[in-house]
Amino acid sequence: MEKKQSSFLVAFPVSSVYFGALVGPSMVSGAFAAVYFAPYGAWGLVLPLVTMGLAAFIVTCGMIGISRWKVYDYSSYARKLYGPLSPVLSPLLEIFLVLAMIVGGSSVIAMGGTFFNSLLGMPVFLGAVLMALISSLLVLWGANLVRKSSTFMTIVLVVGFFLLVVFAAGTKAQRLSAIISRWETPAGIGFLSGVVPALSLGLSHASNALTLSSVSQNILTRKDAVMVGLISFVLNSSAFIACTVLILPYCPEALAESVPNLYIINTFLIERVPWLPVVYSVVMFFGLASSGAPQLHAVASRVLPLYPASWKMKDLTKNIISSVIYMTVCIAISFLGLRTIISAGYGLLGSLAVPLIVIPLCIVMPVRLYKERSLKND
């Protein structure tokens with residue numbers, strides 16, 4: 001009899017996909033921390049716990065549903081989740097998830113265009129196209145490659161970003177110490193000022209609770225599901241806190257930059273640590289790739305069954321077609337600008353997620369599962 005892997009080993013690859021999709025480039029670029037956390041001063045070190053506590057709870061509920069119903073695409077998941085209301089709510093969820101994948105993909109493409117422009121001097125448009133190609137290549141051969149590549153890239157991200165935080169915080173150690181010891185915040189700003197945006201950011205990623213189903217075939221028990229949530233909370237909240245630690249001593253100037261961390265490196269750190277830009281480039285590259293691939297994979301895996309049976313094509317060919325269409329849309333939207341996508345796009349997603357995902361998944365589903373379990377016991 002084959003010995004079952006520990007829940008940690010089963011859950012970590014799935015959490016890595018989530019980490020890459022949610023945190024990867026936003027952590028390495030500093031973009032999310034500059035919009036949602038650092039503007040609130042010292043409270044920015046606490047607010048990531050609010051964001052990721054909510055997001056991890058929603059993902060845990062999603063994993064519990066997967067372990068119970070054994071559904072591995074978000075359309076099948078929606079039919080189970082909504083039950084009799086599925087004919088009405090499932091089409092609305094499809095629209096929401098497509099919007100979520102487009103917002104997420106567009107932010108990755110926008111960061112990729114800026115990144116390759118800074119690194120190689122290529123036009124932003126060509127940088128965006130290159131980023132789209134890299135993400136597409138990781139998706140063409142299915143969920144296993146996405147899980148394995150995300151696990152590897154998560155390790156690279158954590159190690160590389162740790163180096164970046166150490167040098168950035170060390171350079172401004174006195175300033176950072178003063179912010180924390182005095183608990184400095186901008187005038188008129190308190191904890192409650194940042195709670196609503198932090199919760200909105202957590203809600204905006206509720207779609208991951210369903211789209212992660214495409215790489216969650218190994219989540220078989222409630223313990224596996226809870227472990228995904230715990231690992232995700234630790235990884236993602238730690239990453240956002242570290243990113244806020246990096247940016248805070250360089251505020252308010254860093255908050256005006258589209259890629260704050262790159263600004264900090266080029267302005268304050270490059271003379272002291274000449275090799276740091278190389279480390280940053282490697283980490284940013286893996287961060288972008290690890291974020292774009294899971295979102296594209298979720299779309300491709302859902303679209304795959306929709307191709308007409310009369311189209312005698314391999315899955316690889318269908319994935320290529322899906323990738324081209326999805327990435328074309330993301331490239332077009334990326335030109336709205338990264339900050340516009342992050343602030344407006346994710347705010348809208350947070351509002352729409354409450355009735356479509358959070359209430360059915362975190363309130364209605366646990367009640368249904370409890371009733372089903374009670375009936376079996378009777």
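Owing to the predicted nature of the structure, the values given are computational and were not obtained by experimental measurement.
At most 12 heavy atoms of other shown residues, nucleotides or ligands fall within 6.0 angstrom of atom NZ in Lys223. Surrounding CZ of Phe162 are at most 12 heavy atoms belonging to other residues, nucleotides or ligands under 6.0 Å away. Within 6.0 Å of atom CZ in Arg272, more than 12 heavy atoms from other residues, nucleotides or ligands are found, so the atom counts as buried in its surroundings. Heavy atoms from other residues, nucleotides or ligands lying under 6.0 Å from CZ of Phe268 number more than 12. Within 6.0 Å of the CZ atom in Phe191, the count of heavy atoms belonging to other residues, nucleotides or ligands exceeds 12. Around CZ of Arg368, the count of heavy atoms belonging to other residues, nucleotides or ligands within 6.0 Å exceeds 12.
When only modelled atom types and interatomic distance are considered, Ser90 and Ser86 share a side-chain donor-acceptor pair under 3.5 Å.
Of the possible polar contacts, none joining the Asn117 side chain to the Pro123 backbone as a donor-acceptor pair under 3.5 Å is found. Tyr82 places a side-chain N or O within 3.5 Å of a backbone atom of Leu356 that can act as its donor or acceptor partner. Using modelled atom types, one side-chain atom of Thr51 and one backbone atom of Ala198 make a donor-acceptor pair closer than 3.5 Å.
The CZ atom of Phe116 lies 4.0 Å from the CG atom of Leu130; values are rounded to the nearest 0.5 Å.
Note: the hydrophobic cluster containing Val329 does not contain Ile95 (ILVMFWY, side chain heavy atoms under 4.5 Å, direct or indirect links).
Between His205 and the options Tyr346, Tyr18, Tyr36, Phe57, a ring pair (Phe, Tyr, Trp, His ring centres under 6.0 Å) holds for only Tyr346.
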